Amino acid sequence: MSTSFFSATRLACAALGLMLLAGATAHAADKDLKLEAQLVVGSNDPQTKGTPVSPQVEKKLKRLPLKWGSYYVVSSQQFSVAKDDSKQLLLGGSEMVVKNLGGERVELTLINRGKITQSLRKDQTLVTNVKDENSFVVLRQAD
Amino acid sequence: MKLQAFLDGELPAREAREILTWTQRDREASSLLAELRNTRQALAKSEPHLSLPESREFFWSKIEREIQRLEPHPVAAPPPSGFAALRRWFFPAAAVSALVIAGMIAYFQAPTAAVQTVADADAPTVETTLANSDATTYRDASEGTTLVLFSYAVDNSPVKNKKPTAIN
Amino acid sequence: MSGMNYSASADDALVKAARQGELAAFEELVFRHRDQIYARAFSMTRHEEDAVDLSQEAWIKGWQRLGQFQGDSSFTTWMTRIVINLCLDHLRKQRRHRTDSIEELDEDSGGVERQMPVVTVNPTAGLERAELRKKIDGALGQLTAEHHTVLVLHEFEDMDYKTIAKTVGCSMGTVMSRLFYARRKMAALLADVRKES
């Protein structure tokens with residue numbers, strides 16, 4: 001008898017804890033997304049002048065099947081987007097719109113190019129090309 | 001070719017002694033043996049040193065992509081035995097709370113796609129705007145990076161959306 | 001992911017970690033030995049692009065077969081065997097599509113090398129190591145696939161005749177005659193190079 005009572009209490013406590021956790025997670029998924037969009041250019045010319053991308057971004061870019069040996073930041077913007085809201089950006093002459101779909105998912109629309117819908121958790125990065133063959137937008141959650 | 005076999009230590013002892021005696025008596029055999037020995041020594045010292053003509057990252061990215069394409073999804077390692085006690089709490093609780101969480105999600109979120117696997121949730125959906133344009137995706141799972149490359153033809157008239165090509 | 005410092009770990013520790021699924025440990029092994037495996041592939045195929053592709057394929061096979069690595073040889077020796085076998089398969093496929101030249105057929109039958117005059121002066125004496133390597137590489141490039149294969153396997157992989165025959169899939173007699181021809185041809189090529197320089 002005492003065993004079954006004890007089990008029921010454990011069950012209830014665990015369920016309550018998990019419900020609170022679920023609530024917190026759901027809330028986190030609906031909060032504003034703080035993002036960073038960078039326009040970067042790739043180069044194989046050692047004489048290129050510019051601000052190199054951060055080592056973290058460099059590591060990611062160098063693992064991609066792109067032919068550039070170095071990457072430099074042309075422009076960078078940090079911004080917040082609420083759930084179901086959009087933010088229009090102009091990066092280096094390229095127009096784009098970033099929409100927060102909730103659940104850490106974003107929709108990146110490059111005007112006159114296309115649209116990408118992608119999860120963008122803190123450990124994820126989205127890279128896409130823009131008008132020149134060596135220009136890329138790097139989108140990720142801001143630190 | 002017996003000279004060569006002698007040089008390479010491939011002859012039985014008796015035959016090797018016979019060849020050695022022969023080279024000591026025969027000048028032509030001795031010259032040929034010297035030539036073979038010189039060539040062997042030159043090769044032994046001088047294997048060409050070559051470097052892979054691709055960057056470390058690029059070379060690895062191709063290997064990694066192929067490994068991930070070929071491998072089945074990893075099976076989770078069995079939990080350590082110390083976790084057994086927690087399981088008595090966790091599993092029945094998880095069953096109850098899963099129902100509650102599912103209800104909350106259904107209530108708060110718009111019904112969109114069905115439940116997705118982790119891999120599907122991470123895969124991008126790509127739509128292209130222009131005619132004769134295409135998109136190629138590449139995913140580096142270990143760094144969490146997705147690359148989408150749009151390619152464009154000259155004609156810019158709008159057209160229906162095209163499905164992207166995944167490299168991996 | 002473990003807290004292992006891969007770059008400071010020995011090969012056998014990395015192999016052990018890789019067998020447990022740590023891809024980053026395997027990446028470190030690739031980083032360390034990629035040049036060596038590529039160099040073997042290039043010495044067998046004498047074609048840069050093929051060598052890159054074959055060495056890549058060897059690493060993928062290495063990952064898949066890690067469970068079979070017993071540790072009775074070094075990891076690089078094991079990987080080298082994998083790439084050699086891939087190169088041999090590749091060369092066999094190429095050979096099926098190639099028309100053998102009369103010279104190559106004669107080389108195989110063992111007639112040509114007997115006509116070459118003996119090179120009496122050591123053609124590589126006095127050469128700097130880097131220069132010698134370059135000359136060897138150039139001379140190797142002038143041998144047919146069959147000849148530089150047996151030469152590479154014997155001189156650089158220290159395989160005996162029997163093992164080469166088994167690896168390549170030919171008789172010991174063929175191995176011996178190809179090796180003999182390859183060495184004599186190398187001596188002649190190196191002597192010519194020496195004369196020119």
Side-chain angles (χ1 to χ4, degrees), chain A residues 7-8 10-19 21-23 25-27 29-30 56-67 69 84 101-105 107-131 133 136-140, chain B residues 55-58 60-62 64-65 86 88-102 104-105 107-110 112 116 118 120-130 133-140 142-152 156 158 161-162 164 167:
Chain A
S7 296
R10 273 198 231 155
L11 239 154
C13 289
L16 183 65
L18 281 161
M19 280 169 62
L21 180 65
T25 308
H27 173 68
D30 286 344
Q56 192 188 9
V57 170
E58 186 190 33
K59 185 181 176 192
K60 290 174 191 288
L61 292 174
K62 281 193 162 176
R63 288 170 64 94
L64 297 174
L66 300 169
K67 60 182 182 181
D84 297 330
L101 301 175
E104 294 185 298
R105 286 182 68 77
E107 179 188 271
L108 171 66
T109 303
L110 298 158
I111 307 299
N112 289 333
R113 291 187 172 263
K115 189 193 295 185
I116 307 165
T117 309
Q118 156 86 31
S119 63
L120 205 69
R121 298 187 301 272
K122 274 222 172 269
D123 60 339
Q124 291 181 298
T125 304
L126 175 59
V127 180
T128 184
N129 58 329
V130 285
K131 41 185 183 178
E133 64 156 356
F136 305 93
V137 167
V138 178
L139 184 67
R140 55 201 195 111
Chain B
S55 73
R56 166 186 181 168
E57 293 84 6
F58 185 50
W60 172 249
S61 70
K62 293 186 290 177
E64 187 186 25
R65 188 168 70 231
L86 264 171
R88 282 188 296 158
W89 281 79
F90 200 76
F91 281 178
V96 170
S97 52
L99 287 167
V100 175
I101 292 165
M104 285 173 67
I105 290 169
Y107 182 74
F108 286 115
Q109 288 191 4
T112 49
Q116 292 176 319
V118 171
D120 288 343
D122 284 353
T125 311
V126 182
E127 297 171 13
T128 55
T129 311
L130 301 178
S133 69
D134 209 345
T136 309
T137 63
Y138 169 82
R139 280 170 55 206
D140 176 2
S142 69
E143 283 290 321
T145 311
T146 302
L147 171 68
V148 177
L149 291 175
F150 291 100
S151 58
Y152 306 93
N156 285 340
N161 294 327
K162 292 179 85 172
I167 292 174

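In this text, all values refer to a predicted model and were calculated from it rather than measured experimentally. Quick note on labels: first sequence line is chain A, next is B, and so on, each numbered from 1.
The two residues B/Phe58 and A/Pro65 come nearest to each other via the heavy atoms CE1-CA, 3.5 Å.
From A/Leu64, atom CG reaches atom OG1 of B/Thr146 across 9.0 Å, with rounding to the nearest 0.5 Å. Distance CZ/B/Phe150 to CD1/A/Ile116: 4.0 Å, rounded to 0.5 Å.
Looking at A/Leu61, A/Val57, A/Val127 one by one, the single match for side-chain contact (heavy atoms from CB on, under 4.5 Å) with B/Thr145 turns out to be A/Val127.
Heavy atoms closer than 4.5 Å to chain A are found nowhere in B/Ser55, neither backbone nor side chain.
Every residue meeting the side-chain contact (heavy atoms from CB on, under 4.5 Å) condition with B/Ser142, not counting sequence neighbours, appears here in chain and number order: A/Arg63, B/Glu64, B/Asp140. Residues satisfying the salt bridge (Lys or Arg N to Asp or Glu O under 4.0 Å) test with B/Glu143, not counting sequence neighbours, are A/Lys59, A/Lys60.
For the pair A/Thr128 (side chain) and B/Val148 (backbone), a donor-acceptor distance under 3.5 Å is present.
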